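The structure appears right after this line, and notes come after that.
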Number of protein chains: 2
Amino acid sequence: MSRDSRLSDVLHILLHMAYERAPVTSEAMARSLNTNSVVVRRIMAGLRDRGYVRSEKGHGGGWVLSRDLSEITLLDIYLALGSPALVSFGRRSEAPDCLVEQAVNSNLDKTLQEAQLLMMTRFGEITLAKLHADVQAGIADRRHLAKLEAAHGSTS
Amino acid sequence: MSRDSRLSDVLHILLHMAYERAPVTSEAMARSLNTNSVVVRRIMAGLRDRGYVRSEKGHGGGWVLSRDLSEITLLDIYLALGSPALVSFGRRSEAPDCLVEQAVNSNLDKTLQEAQLLMMTRFGEITLAKLHADVQAGIADRRHLAKLEAAHGSTS
DNA sequence: CATCATGTAATAGTATAAGTTACATGAGTA
DNA sequence: TACTCATGTAACTTATACTATTACATGATG
């Protein structure tokens, strides 16, 4: 649909980290996202600066979560990424003299800000622990499905 | 803030058209937007196809509104533009096997769709007539201000 | 001290919107 | 009919933001 996969990427990474006890390297993360390790380090930099993760150099180095999953919301992560634009449309000019443009801008801005506020509010309500629980539920579903298939010898 | 000013541009154009009885040329519209006439014709094409405006060639040609301002909503215009993306973030991959990515995607998608729905709903509630009324209110304000300034000889 | 991993700057690739040029088509006018 | 104006569009260039890669410095481990 749209661009900017950083939020999605970081979440993917953090949840995978939650399943590892040892530090995870940027290289490993990059592989699971089909991208480059520098991209990973770049989007992780903000999280490191805010203390959500730690990074260690050298042998056995890599990234480690430094907070519990329940203490980090998607909003925290969004902010750590530098609050990139959430809405795709905007205005052509900033402070126009034209009254028509002023009316258009103020109406569009209102909707834009409402949508932005909604997204940030939702982000603030979702913790990494919630995502983790969703993954666990998915695993349970898969196991259940596998058992059914084994019992009935069907793959349809 | 962000890119894609097409919605803002079209609204600007349509409202200016509402103040003219004669057809308005792409050239004139482009001037008031500080852009090129081809850009104008490009974004107007969808509106023409949906019957919101008519375009006439030759001498005295140009663009004319073919509906009342109260019969066109911002949603109509958004759809006529081809429903461009409203939200800037998205996912890296579409149908991942990874359960983690599935959980991330479904949570992000939910918020994304909620925001998209909100924006489209708001767009559906705003008619061009509403924007026109806002412009009129702005003009009234300006007149009022001008009178005050003339009376008191102040420009602060 | 060799190796591994992060940190980061610099550069290139990609996608989409915006801007421009060029030319065809149709409508009015002398 | 010939001329001019304005739209209709394709093709190309520019601008911008994210993504990807290369290169090299820094620090930690064995």
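In this text, all values refer to a predicted model and were calculated from it rather than measured experimentally. So that the names make sense, note that chain A is the first sequence line, chain B the second, and so on, each numbered from 1.
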- Task: Determine, stepwise, if the pair B:Ser88 / A:Leu86 fulfils side-chain contact (heavy atoms from CB on, under 4.5 Å).
- Result: CA-CA 5 Å; B:Ser88 306; A:Leu86 292 173; 5.5 Å; no
Counting only pairs under 3.5 Å, give me each side-chain donor-acceptor contact of residues 67-84 of chain B, with atom names and distances, residues two or more places apart or in other chains.
residue	atom	partner	partner atom	Å
B:Asp68	OD2	B:Ser70	N	2.9
B:Asp68	OD2	B:Ser70	OG	2.6
B:Glu71	OE1	B:Asp68	N	3.3
B:Thr73	OG1	B:Leu75	N	3.3
B:Thr73	OG1	B:Asp76	N	3.1
B:Thr73	OG1	B:Asp76	OD2	3.2
B:Asp76	OD2	B:Thr73	N	2.9
B:Tyr78	OH	B:Pro84	O	2.6

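- Spacing between atom CG of A:Leu86 and atom P of D:dC18 amounts to 12 Å, rounded to whole angstrom units.
- Pairs of residues two or more places apart, or lying in two chains, that qualify as ring-ring contact (aromatic ring centres under 6.0 Å, His included) and include a residue from residues 125-147 of chain A are A:Tyr19-A:His132.
- Place B:Ser26 and A:Glu56 on DNA chain D by their nearest nucleotides, and B:Ser26 ends up nearer the 5' end.
- If you check every strand for non-hydrogen atoms under 4.0 Å, A:Arg54 touches nothing.
- A heavy-atom distance below 4.5 Å is not found between the side chains of B:Leu145 and B:Arg142.
- Screening residues 115-129 of chain B for salt bridge (Lys or Arg N to Asp or Glu O under 4.0 Å) gives A:Glu114-B:Arg122, B:Arg122-B:Glu125 as the qualifying pairs, with residues at least two apart or on separate chains.
- Extent of DNA chain C lying under 4.0 Å from chain A heavy atoms, first and last nucleotide in 5' to 3' order, is C:dT3 to C:dG19.
- Residues A:Leu14 and A:Leu47 meet the side-chain proximity criterion, which asks for heavy atoms closer than 4.5 Å.
- Residue contacts for A:Ser37: at a heavy-atom cut-off of 4.0 Å it reaches no nucleic acid atom on any strand shown.
- Annotation: side chain of A:Arg91 is in contact with side chain of A:Asp109 (closest heavy-atom distance under 4.5 Å).
- Screening residues 30-44 of chain B for salt bridge (Lys or Arg N to Asp or Glu O under 4.0 Å) gives no qualifying pairs among residues at least two apart or on separate chains.
- As a whole-Å value, the separation of A:Asp4 CG from D:dC18 P is 6 Å.
- The residue B:Gly60 sits apart from the nucleic acid: no heavy atom pair falls under 4.0 Å.
- Taking atom CZ on A:Arg31 and atom P on D:dT21, their separation rounds to 14 Å, with Å as the unit.
- Stem list for DNA chain D (at least 3 consecutive Watson-Crick or G-U pairs, distances under 3.5 Å): C:1-30 with D:1-30.
- Using a 4.5 Å heavy-atom cutoff, the side chains of A:His152 and A:Lys147 are not in contact.
- Side-chain heavy-atom separations under 4.5 angstrom define the hydrophobic clusters, and B:Val39 shares its cluster with no other residue.
- What separates NE2 of B:His59 from P of D:dC5 is a distance of 6 Å, to the nearest Å.
- Partners of B:Ser93 according to the side chain to side chain donor-acceptor pair (under 3.5 Å) rule, which considers only residues two or more places apart in sequence or in another chain, are B:Glu101.
- Residues of residues 39-46 of chain A having a heavy atom closer than 4.0 Å to DNA chain C, listed by number: A:Arg41, A:Arg42.
- Between A:Ser5 and A:Val38, the residue whose closest nucleotide on DNA chain D is further toward the 5' end is A:Ser5.
- For the pair A:His16 and A:Ser32, the minimum side-chain heavy-atom distance is below 4.5 Å.
- With sequence neighbours excluded, the residues that form a side-chain contact (heavy atoms from CB on, under 4.5 Å) with B:Ala30 are B:Thr35, B:Ser37, B:Val40.
- Every pair tested for ring-ring contact (aromatic ring centres under 6.0 Å, His included) that includes a residue from residues 47-66 of chain B fails, sequence neighbours excluded, so the list is empty.
- Contacts between residues 7-24 of chain B and DNA chain C, defined by a heavy-atom separation under 4.0 Å, are absent.
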